[in-house]
Number of protein chains: 2
Amino acid sequence: MAGRGVTIADVAARAGVAASTVSYVLSGKRSISPETADRVMAAVADLGYHPHAGARSLASRRAGVVAMMFPIRDGMHLPVLMQFAAGAVAEARRHDQDVLLMTADEGPSGLARVAASAIVDGLILMDVEVRDPRVETLRRLGLPNVLIGFPADSEGLTCVDLDFTAAGRVCADYLAERGCGEIALLGAAEAVYERRTGFAERVREGFLSRPGLRGEVRPCPNYPTEVQRTVKELLSARPDLTGLAVHNEPAVGHVMHALADAGKRVGEDFHVVVIGPDEVAERVHPQLPSVLVPAETLAQTAVRHLMRKLDGHDVPDSTLIEPQLTLR
Amino acid sequence: MAGRGVTIADVAARAGVAASTVSYVLSGKRSISPETADRVMAAVADLGYHPHAGARSLASRRAGVVAMMFPIRDGMHLPVLMQFAAGAVAEARRHDQDVLLMTADEGPSGLARVAASAIVDGLILMDVEVRDPRVETLRRLGLPNVLIGFPADSEGLTCVDLDFTAAGRVCADYLAERGCGEIALLGAAEAVYERRTGFAERVREGFLSRPGLRGEVRPCPNYPTEVQRTVKELLSARPDLTGLAVHNEPAVGHVMHALADAGKRVGEDFHVVVIGPDEVAERVHPQLPSVLVPAETLAQTAVRHLMRKLDGHDVPDSTLIEPQLTLR
DNA sequence: TTGTCTTGTCGAAGCGCTTCGATTGAGGAT
DNA sequence: ATCCTCAATCGAAGCGCTTCGACAAGACAA
């Protein structure tokens, strides 16, 4: 049974050993005889002992907590963030760590606060932008960290992200296999491109890399009517277009409408593939194949890298996750 | 500038006072002369001092952290969770607290762990079910808490939720105002109803409460083809139906298709209202009015209640948040 | 004057843990 | 038998903070 305020001294008394011995059994930092260890573990279980997190952090200078800083901002797809969070928590727990949630609007001073108060051992920064004011602070603080995304100068930082070049290529490949000779990619709104040039360009590069295909990339706003207009313009400018990749979550539904209005039969004489979360691709008719941002894998990788850094190991500066195409 | 390992002793030395005086200035628990206080605050700012969270928690028995336990499970809409999280973090920071993220799969033993290790001062439990195994544990642990949702026996617990009865009523009202005499509510999949009977019944009750309307409620599966079938059955069984409320996020798009196929012109001779997040109602054509789950308000309320409990105040056992209809 | 409050400050104890030497006893080598 | 090593354990110090009781120094009443 869980008791109120069970301390290491209680465990030690019940097992008939010194408190330090209990500590060593639990941490494994010194060798302890199996008999003693058994007795200690039994006492721990009997009393429902869990070390006091504050005391531990004070004495060992390790909090057992990592922070995740989330963007709260337009353009990020919320479900993906949530999957990310879930994946990160799950992985962190596997390393016996907890996860503290921060939002980007705490900004650099929030980072300074958590670093100075030693409330966390490390940090995962999500949705890093090309010019991100937090990055400089992070460098200065020396708090172990992993970034999701790539800032302009990623020298010496640990960054993890989807391999967007590969994602673009996968889409082009899919369309080519369906027999499309002329293809286009409908991208995110201009604003997103401005903020994160890097990733937009990588998608373009991948999408256009397949030889023998006439491809193009054009940005696309989020609003229904403008989406419709963009699609119409595209279709009249490129009458032989038969393949379309859409990398803009909120637009997908409207794109499908515009195509239907234009008499295109998706899945038959016209093909569409989505870069985005499953939900978006599932909730239109017909359902579309999609390349998803593997949020869970990204989160796992980020947490693992951070753990290795906390343990003093080296990790690769840059890690790109392979995209996966889901057919429907 | 932030220094490495600035302690309260450093601040005290710089201000020429005792460490305890610094502590009292920061906490306001004893009166300190304005001059001394100013000197201390200046030293704090100069050195970039932030109290060591572990040390503070050890000495004061207050961690300054609250946990949020999230459901990671089908049927919960991810964006809503994310909004909830953001709202909770923002509100918690206003009270100088941090937020620890937990997932429901840690279950009751996770609760025991955080309680015993004193890593958090309190807990917010999301998406509580009618029969929720965590609730009993929570009662036993005595960790201050607030629940989102209502378990079967909410006696003595602090619960916060959307007023689902009112939400149902608001939908019926909207349809009535559009001149609908025969209306229906398409609900969630059976599974959800089984799990959370309480909330489903409250919506039904509200929806059917308006006199002079012929209403009915029927559950609806998530899968596209089955949604279509359900809608077709409904329309042929009730040829005079002109108003529909949809309380099933993934189904909305498919419902609209089915209605279009059946020749209904939504917004003209037929009216539809959604209970769910904005996104869902915005991404169909035409865009639909919706009653959203006010995630941010819920989160704020929950956090505030928890803070008051931590400060030893009383809070109402049960708080219902008013739904809001957004026209589009 | 002396005694009594009040106000502002200090010093020390202690929160529960980890960790660093020190200590003990057993086993091996000489 | 003696010395050395090594494994297993203990005791004490100390992590950085809060908080309690004590204590000067005025302010005020007697």
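Contact annotation for B:T36: backbone-only contact, meaning every heavy-atom pair under 4.0 Å involves sugar-phosphate atoms and none involves a base. Nucleic acid contact class of B:T7 (heavy atoms, under 4.0 Å, all strands): sugar-phosphate only. Nucleic acid contact for A:R30: base, since at least one base atom lies under 4.0 Å from a heavy atom of the residue.
Here A:S33 does not reach the OP1 or OP2 of D:dA8: none of its side-chain N or O atoms lies under 4.0 Å away. For the pair A:R56 and D:dC15, the criterion of a side-chain N or O lying under 4.0 Å from OP1 or OP2 is not met. Note on B:Y49: a side-chain N or O is less than 4.0 Å away from OP1 or OP2 of D:dC17. Put simply, B:S23 has no side-chain N or O that comes within less than 4.0 Å of OP1 or OP2 on D:dT19. Here A:T21 reaches the OP1 or OP2 of D:dC10: one of its side-chain N or O atoms lies under 4.0 Å away. Look at B:S31 and you'll find a side-chain N or O under 4.0 angstrom from OP1 or OP2 of C:dG8. At C:dT19, one or more side-chain N or O atoms of A:K29 fall inside 4.0 Å of OP1 or OP2 (strictly under the cut-off).
The separation between B:E35 atom CD and C:dT7 atom P is 16 Å, rounded to whole Å. The distance from atom CG of B:L58 to atom C1' of C:dC15 is 4 Å, rounded to the nearest whole Å. Atom pair A:I8:CD1 and C:dC15:P shows a separation of 14 Å (rounding to whole Å applied). Between the CG atom of B:D10 and the C1' atom of D:dC15 there is a distance of 14 Å, given to the nearest Å. Distance CG (A:D121) to P (C:dT18): 14 Å, rounded to an integer number of Å. Following rounding to the nearest Å, B:R61 (CZ) and D:dG16 (C1') show an atom-to-atom distance of 15 Å. Whole-Å rounding puts the A:R39 CZ to D:dA8 P distance at 14 Å. Separating the CG atom of A:L47 from the P atom of C:dG16 is a distance of 15 Å, rounded to the nearest angstrom.
The structure places CG of B:D105 at 13.0 Å from CZ of B:F70, a figure rounded to the nearest 0.5 Å. Taking CZ of A:F150 as the start and CG of A:L320 as the end, the distance is 5.0 Å to the nearest 0.5 Å. Taking CZ of A:R62 as the start and CD of A:Q97 as the end, the distance is 6.0 Å to the nearest 0.5 Å.
For the side-chain hydrogen bond (donor to acceptor under 3.5 Å, both in side chains) condition, the pairs that include at least one residue of residues 142-158 of chain B, sequence neighbours left out, are B:T158-B:K309.
Nearer to the 5' terminus of DNA chain C, by closest-nucleotide assignment, is the contact made by B:S20 (compared with the other of B:S20 and B:S60). Residue whose closest nucleotide on DNA chain D sits further toward the 5' end, between B:Y24 and B:A55: B:A55.
Checking D:dT19, C:dG11, C:dT18 against every side-chain atom of B:A18, the shortest atom distance belongs to C:dG11.
Shown here is A:E296, whose CD atom has no more than 12 heavy atoms of other residues, nucleotides or ligands within 6.0 Å.
Ion pairing between a basic and an acidic side chain is recognised when a charged N comes within 4.0 Å of a carboxylate O; B:R139 and B:E136 show no such pairing.
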